[in-house]
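The next block holds one structure in the form of C-alpha cells; read it before the comments.
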Amino acid sequence: MEYGHDVALDELCPVCGDKVSGYHYGLLTCESCKGFFKRTVQNNKKYICAENQECTIDITQRKRCPFCRFQKCLHVGMQLEAVRADRMRGGRNKFGPMYKQDRALKQQRKALVQAMGLRTDRSPPLGYSDLTLHSSPLPPAKNDPISYQPPSLCSLSLSSNSPAAPQYQCAVFSNWTRKSEHSSNCSPGSATTVSSDPGPFSPHGPRMPELVMEFVRCDPDELQLQSKISACLLREQPANPSTFSLLCLMADHTLLSIVEWARTSIFFKQLKVNDQMKLLHSCWSELLLLDFISRQVLFGREGHLLLVTGQEMELSDVASHAGLSVASLVQRGQELVEKLHFLKVDRQEFACIKFLVLFNPDVKQLEDHQFIESVQEQVEGALLEYTLCTSPYLLGRFAHLLLCFSELRSLSALAEDYLSCKHLSGEVPCNNLLTEMLHAKRSCA
DNA sequence: TTAGCCTTGACA
DNA sequence: TGTCAAGGCTAA
C-alpha cells in the first residue's frame with residue numbers, strides 16, 4: 001500500500017490514548033479498545049457506572065469503568081454495525097473506502113506539514129495540523145459583488161427527515177456593497193469592498209486605534225471566503241445531502257477558515273502551539289457563532305439567514321421546520337442580531353470582539369497566561385477607545401457590547417450541546433474538524 | 001475480563 | 001499475492 005503505515009499508526013487511540021494498531025470499527029483505535037468494543041457488542045453486554053457516568057478513560061484507568069469506556073467508544077465514533085452479526089471472519093466491510101480516504105488525507109496532511117517546514121511533533125487527534133492544509137493563498141477576490149454569483153448549491157434536494165428543512169434560495173447580493181460600505185470605514189489593506197465615506201476616522205477626525213486597524217487587516221475577506229467555501233462544498237458534498245449535513249459541512253469549512261484566521265493573526269501567532277490549541281478548543285463554537293451573527297448584522301436581510309456561501313434561508317421556513325431546540329436557538333440568535341444591529345456594531349468592532357473571544361485568559365493550564373491576559377486587556381482598551389471615538393455620546397455602548405458578548409457565550413454553549421447530541425445520535429458527519437473540536441472540548445472539560 | 005497475538009478472507 | 005480489518009484464541 002502506498003500510504004505509509006506510520007502516518008495512521010502515529011496517532012493515539014481516541015478512547016484511551018494507547019498506541020493505535022489500525023482501523024477498527026470505523027476509526028483508528030488501539031488493540032485493547034478494539035477487543036473491548038467487539039466483546040461488548042457481540043455479547044450484548046450491559047454495564048453500570050458506579051460513579052456519575054463521567055469517569056476518565058485513559059490508558060491506566062480504562063479497565064475501571066466499562067460503562068464509561070463503552071460510552072466513550074460510541075462518542076468518538078466507533079460503529080456498532082461494523083461488528084458482524086454472523087461473526088464471519090476476514091474480508092472487508094463497507095468502511096473500507098472510508099479508511100482509505102482517511103489514510104490518504106492523513107498522508108496528504110503530513111506531506112504538507114513537512115513541505116511547509118512546520119512542526120510535526122505529535123498533535124492530538126484533533127486536526128490541528130489542518131491549519132497547514134488550508135494555508136494556500138486565497139483565490140482572487142471577486143471585485144464585482146453584484147454580478148458575482150456564488151457557485152449554486154440550490155439544486156440540492158432537502159431531506160424531509162432533516163430536523164430543520166428550510167428551503168434554499170439563491171441570494172443575489174444586491175445589498176452586499178451597500179452594507180459593506182455602511183460598515184467599512186476603515187482599514188488600509190482590507191480587501192473588503194470599502195466605502196468612499198471615511199466615517200469618523202477621516203484625515204481630519206480622530207485616528208482609528210492602530211490595534212483595531214490591525215485586527216481588521218487580519219479579518220478574512222467575506223467574498224473570498226464565500227467563494228472558497230462554496231467551491232469546497234461543491235467538491236465535497238455527498239450525493240443526497242440532508243440540510244443538516246450540508247450545514248455541518250459549511251460549519252466545518254467556516255471553522256477551518258477561523259482556525260486559519262487565528263493562526264495568521266497578530267498575537268496568536270506568537271503563542272506556543274499548545275496554548276494556541278487550548279484557546280481554539282475553548283472558543284471554537286463562540287467564534288463560529290460570532291462569524292454567523294456578524295454576517296447577519298453586516299450583510300443580512302431582515303427575515304432571512306445569510307449563509308457563508310451567500311445563500312439565504314427564510315427565517316419563517318427555519319422556524320416552521322426546526323425542532324424546539326433549534327427554533328429556540330435561532331430565536332435567541334435573532335434577538336442577539338437585533339441588539340447588535342440596534343447598537344450599529346460595525347466590522348471593526350466585530351474584529352475586536354473576535355480577538356476578545358479568542359484571547360480568553362480563563363482557559364485552564366495556559367503556558368503563557370500572562371501574555372494572553374495582557375492581549376485581552378489591550379483588545380478591550382482598543383475596543384473601548386474605538387467605541388468612544390465612533391459614539392462619544394453613547395457612553396453605555398461599550399457595556400452593551402460586552403453584554404452581547406456574554407450572550408454570545410451562553411448561546412454558543414447551547415449550540416454546542418445541541419451539536420453534541422446530534423453527534424451522539426450519529427447525525428453529524430464524522431472525520432471533520434467540527435467533530436474533532438467537539439471531542440477536544442469534551443475531553444478537556 | 002483484558003489485551004496481545006493469530007487466523008481468516010475480500011479486495012486491490 | 002499482499003494488505004488489513006474482521007473474529008478467535010488464550011495467558012495473565
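FYI, side chains are in, hydrogens and waters are out, and symmetry mates aren't considered; it's all heavy atoms of this structure. Below, chains carry the letters A, B, ... as their sequence lines are ordered, and counting in each starts from 1.
A search for side chain to side chain donor-acceptor pair (under 3.5 Å) contacts involving Arg332(A) returns Glu407(A), Ser410(A), not counting sequence neighbours. Partners of Arg69(A) under the side chain to side chain donor-acceptor pair (under 3.5 Å) rule, at least two apart in sequence or in another chain, are Ser32(A). Scored by the side chain to side chain contact (heavy atoms under 4.5 Å, CB included) test, Glu377(A) finds Glu373(A) as partners (sequence neighbours excluded). Partners of Arg409(A) under the side chain to side chain contact (heavy atoms under 4.5 Å, CB included) rule, at least two apart in sequence or in another chain, are Glu286(A), Asn360(A), Phe405(A). With sequence neighbours left out, Gln334(A) forms a side chain to side chain donor-acceptor pair (under 3.5 Å) with no residue at all. In this view, Asp275(A) satisfies the side chain to side chain donor-acceptor pair (under 3.5 Å) rule with no residue, not counting sequence neighbours. Every residue was checked against the ring-ring contact (aromatic ring centres under 6.0 Å, His included) condition with Phe371(A), not counting sequence neighbours, and none meets it. Applying the side chain to side chain contact (heavy atoms under 4.5 Å, CB included) criterion to Leu329(A), with sequence neighbours excluded, gives Leu411(A), Leu414(A), Ala415(A), Tyr418(A).
Here Arg62(A) does not reach the OP1 or OP2 of dT1(B): none of its side-chain N or O atoms lies under 4.0 Å away. Regarding contacts with the backbone of dG8(C), a side-chain N or O of Arg87(A) is found under 4.0 angstrom from either OP1 or OP2. Between Tyr23(A) and dA6(C), a side-chain N or O to OP1/OP2 separation shorter than 4.0 Å is absent.
Going from atom CD1 of Ile59(A) over to atom C1' of dT2(B) covers 13 Å, rounded to whole Å. Rounded to a whole Å, the CG atom of Leu27(A) is 11 Å from the P atom of dA5(C). For the pair Glu31(A) CD and dC6(B) P, the computed distance is 11 Å after rounding to whole Å.
Applying a 4.0 Å cut-off to non-hydrogen atoms, the residues of residues 35-47 of chain A that approach DNA chain C are Lys38(A), Gln42(A), listed by residue number. Within residues 50-58 of chain A, no residue places a heavy atom under 4.0 Å from DNA chain B.
Residue Lys34(A) places no side-chain atom within donor-acceptor reach of the base of dG4(B), judged by atom type and a 3.5 Å distance cut-off alone.
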Please tabulate, one pair per line, each protein N/O and nucleotide N/O from nucleotides 7-10 of chain B that are separated by under 3.5 Å, including the distance.
| unit_1 | atom_1 | unit_2 | atom_2 | d |
| --- | --- | --- | --- | --- |
| dT7(B) | O4' | Arg89(A) | NH2 | 3.4 |
| dT7(B) | O2 | Arg89(A) | NH2 | 3.0 |
| dT8(B) | O2 | Gly90(A) | N | 3.1 |
| dG9(B) | N2 | Arg92(A) | NH1 | 3.3 |
| dG9(B) | N3 | Gly91(A) | N | 3.1 |

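At least one side-chain heavy atom of Tyr47(A) sits under 4.5 Å from a side-chain heavy atom of Thr40(A).
Sorted by first and then second residue, the salt bridge (Lys or Arg N to Asp or Glu O under 4.0 Å) pairs with a member in residues 351-360 of chain A read Asp219(A)-Lys354(A); sequence neighbours excluded.
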